[in-house]
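Here is the structure we will look at, set down as structure tokens.
Because the structure is predicted, anything quoted here is derived from the model rather than measured.
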Amino acid sequence: PNQTSMQRKILSSCTPEYNLVPNDKTKLTFNVHLRAPEVQDEDGKRPTVALSAVIDTSGSMEGSKLQLVKESCNFILDQMSAKDKLGLVEYNTVCREVFALSRASEGFKPEASRLIQRLEAESRTNLSGGLFLGFEQQQKNKYLDWEPEEDEDKLKQEETPRQAEEADGISEQSSFVEVNMRDDDSFSEASMVEAPAEDKATDPTLCPPPPQPKRTAVSQLAAMKRARFAPAPLHQGRTPQPPAGLSAGLFAGRAAPNETRLEEEAVRSIFLFTDGLANEGLTRQDKLVDTLTRLLASTTPPPRVCTFGFGEDHSAELLGELAKAGAGTYYFIDKEEGIATAFADALGGLLSVAAQNVTLEFQPAEGVQTGAVHTPFATTRTGAGAVTVAVGDLFSEEGKDVLFDVELPPVPADGCQDYCVGTLRLSYLD
């Protein structure tokens with residue numbers, strides 16, 4: 001690898017479900033968290049992204065189409081850093097701002113994802129109304145910050161150890177290993193439980209059973225992952241629509257904060273999701289394109305418009321012309337596998353690939369049995385219980401989690417002792 005590639009390191013952390021486990025035969029779950037580095041431009045930073053997602057929730061989007069759109073929006077959320085902004089508009093017969101342009105803070109992301117998941121398909125397709133409402137969101141040139149950074153810092157300082165442990169995410173007590181590429185074989189190895197001396201108490205150890213095993217944040221993550229990758233139950237009834245209005249839908253109806261002016265250097269974009277069958281509002285292609293062109297000409301700076309067609313029966317010609325007028329690109333997506341590529345391209349260099357063909361391999365120690373691996377990525381089991389996970393590409397600042405279930409063998413009851421569960425090996429191209 002060249003000098004630039006050597007500076008790109010994937011940060012890896014391993015967190016066990018329990019800090020202490022009994023010395024007899026027992027099961028344990030541990031989480032492997034991968035974090036890609038930020039890919040910076042020549043000036044040493046990337047611009048802020050200000051994105052308005054305009055989603056078609058008409059009846060024709062029922063089923064797999066709308067599900068693909070939801071997956072797409074969650075993909076966008078995952079890629080955004082805390083300085084980026086996201087707004088959401090839905091349209092069927094009626095057009096509605098689900099939430100205004102807002103800073104993608106860690107607290108905002110799950111709230112936004114919750115509202116995205118509650119979207120339902122119904123009625124007709126007022127594509128023009130949705131597109132122009134998204135354009136109006138960009139024209140305001142303002143955003144909401146539900147969690148000002150100074151407030152976040154204050155909360156972290158006031159957080160007790162127990163609150164920190166129960167927080168949704170990876171425990172800060174976990175051991176971190178910087179994974180570098182080596183010139184000889186492009187692999188880096190690290191013992192799964194290799195932490196600084198002062199953090200030894202947090203490593204998984206074998207000792208007599210404690211009065212009550214203390215669970216870490218991985219327990220919550222494990223439950224979430226198991227539920228996510230388990231077969232989905234049949235949908236019964238209709239999910240209630242999100243309350244109308246921004247302040248009623250986010251953070252349990254908390255009043256919206258004051259608006260903040262968007263940074264001048266922000267890259268403004270509108271992503272239009274649809275099957276392209278407009279039958280409400282402006283339905284003629286020429287009228288739609290002409291109106292969009294005039295709006296773009298009257299706005300400084302104009303947002304870029306990218307269109308995404310889902311399913312086989314959308315109007316490729318209409319979406320192509322709208323994207324052309326908005327100096328963007330039209331994308332056709334029929335399967336979830338194409339989402340990452342389409343959106344990475346649409347966001348341009350802002351979501352640059354930090355690492356390609358990322359592969360995570362777990363080799364269990366002698367006597368350790370590997371159980372289920374909770375991940376959407378392809379897994380391969382090899383000899384001696386080893387498991388290889390094909391993570392794929394990681395974009396700038398993207399994070400991925402993989403949960404492993406293992407079964408530990410019994411050991412002699414001679415007090416607490418460190419125990420190596422196995423070895424992780426991470427390989428990738430940058």
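Residues Leu144 and Phe108 form no side-chain contact, since every pair of their non-hydrogen atoms from C-beta on lies 4.5 Å or further apart. Side-chain contact between Arg381 and Val373 is present, with at least one heavy-atom pair separated by less than 4.5 Å. Contact of the Thr379 side chain with the Val402 side chain is not registered, since no non-hydrogen atoms from C-beta on lie closer than 4.5 Å. Side-chain atoms of Thr299 and Phe135, non-hydrogen and from C-beta on, do get closer than 4.5 Å to each other. You'll find the side chain of Val69 stays beyond 4.5 Å of the side chain of Asp56, heavy atoms only. Contact of the Phe273 side chain with the Ser72 side chain is registered, since non-hydrogen atoms from C-beta on lie closer than 4.5 Å. Contact check for Thr291 versus Leu131: no side-chain heavy atoms found under the 4.5 Å cut-off. Side-chain contact between Leu133 and Val54 is absent, with no heavy-atom pair separated by less than 4.5 Å.
At least one donor-acceptor pair closer than 3.5 Å links the side chain of Thr293 to the backbone N or O of Val289. A distance-only check finds no donor-acceptor pair linking the side chain of Asn74 to the backbone of Glu71 [under 3.5 Å]. A donor-acceptor pair under 3.5 Å links the side-chain atoms of Arg124 to the main chain of Asn279, judged by distance alone. Without hydrogens or angle criteria, Glu90 side chain to Thr57 main chain gives no donor-acceptor distance under 3.5 Å. At least one donor-acceptor pair under 3.5 Å links the side chain of Arg103 to the backbone N or O of Ala82. In this structure, Glu111 contributes its side chain and Phe251 its backbone to a donor-acceptor pair below 3.5 Å. Judged purely by atom type and a 3.5 angstrom limit, Thr283 has no side-chain atom pairing as donor or acceptor with the backbone of Glu280. No donor-acceptor distance shorter than 3.5 angstrom exists from the side chain of Lys400 to the backbone of Gly392, with no hydrogens or angles considered. A donor-acceptor contact shorter than 3.5 Å links the side chain of Thr307 to the backbone of Leu319. Lys70 places a side-chain N or O within donor-acceptor distance of the main-chain N or O of Leu119, the cut-off being under 3.5 Å.
In this structure, CG on Leu426 lies 6.5 Å from OG on Ser12, to the nearest 0.5 angstrom. In this structure, Leu360 CG and Phe377 CZ are separated by 10.0 Å, a value rounded to the nearest 0.5 Å. With values rounded to the nearest 0.5 angstrom, Leu88 atom CG is found 8.5 Å from Arg96 atom CZ. For the atom pair Leu403 CG and His33 NE2, the distance stands at 12.0 Å (nearest 0.5 Å). The distance from atom CZ of Arg268 to atom CG of Leu51, rounded to the nearest 0.5 Å, is 12.5 Å. Atom CG of residue Leu292 and atom CD1 of residue Ile270 lie 7.5 Å apart, to the nearest 0.5 angstrom.
Other residues, nucleotides and ligands place no more than 12 heavy atoms under 6.0 Å from the NZ atom of Lys142.
The two residues Ser52 and Gln138 have their closest heavy-atom pair at OG-NE2, 2.9 Å. Of all heavy-atom pairs spanning Gly87 and Leu101, the tightest one is N-CD1, 3.5 Å. Closest non-hydrogen pair, Met61 versus Ala121, comes out as C-CB, 4.0 Å. Here the shortest heavy-atom pairing between Met80 and Leu86 reads SD-CB, 3.8 Å. Nearest approach of Val406 to Phe362, heavy atoms of both residues: CG1-CE2, 3.8 Å. Of all heavy-atom pairs between Arg114 and Leu250, the closest is NH2-CA, 4.1 Å.
Side chain to side chain, Asn126 and Ser128 meet the donor-acceptor criterion of an N or O pair below 3.5 Å. With hydrogens and angles left out, the side-chain atoms of Asp401 and His374 include no donor and acceptor closer than 3.5 Å. Between the side chains of Gln285 and Glu321, not a single donor N or O lies within less than 3.5 Å of an accepting N or O. For the 3.5 Å distance criterion, the side chains of Asn31 and Thr15 fail to qualify, holding no donor opposite an acceptor. Looking at Asp275 and Ser60, their side chains do bring a donor and an acceptor atom within 3.5 Å of each other.
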Could you list the donor-acceptor pairs under 3.5 angstrom formed between side-chain atoms of residues 324-333 and any protein atom two or more places apart in sequence or on another chain?
from	atom 1	to	atom 2	distance (Å)
Tyr330	OH	His314	NE2	2.5
Tyr331	OH	Asp345	OD2	2.4
Tyr331	OH	Ala346	N	3.2

Thr388 and Thr359: CA distance, side-chain angles, deciding distance, side chain to side chain contact (heavy atoms under 4.5 Å, CB included) verdict: CA-CA 7 Å; Thr388 299; Thr359 301; 3.2 Å; yes
Assess the residue pair Lys85 and Glu263 against the criterion (salt bridge (Lys or Arg N to Asp or Glu O under 4.0 Å)); give the C-alpha distance rounded to whole Å, side-chain angles, the decisive distance to 0.1 Å, and a yes or no. CA-CA 10 Å; Lys85 285 81 183 176; Glu263 298 90 337; 2.8 Å; yes
Does the side chain to side chain contact (heavy atoms under 4.5 Å, CB included) test come out yes or no for Thr274 and Leu318, once each step is laid out? CA-CA 11 Å; Thr274 185; Leu318 170 61; over 6 Å; no
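By the side chain to side chain contact (heavy atoms under 4.5 Å, CB included) test, Ser123 is found to be paired with Asn92, Thr93, residues two or more places apart in sequence or in another chain being considered. Qualifying side chain to side chain donor-acceptor pair (under 3.5 Å) partners for Asp286, counting only residues two or more places apart in sequence or in other chains: Arg284.
In this pair, Phe404 and Phe30 present their aromatic rings parallel. The plane angle is below 30°, not in the 30 to 60° band.
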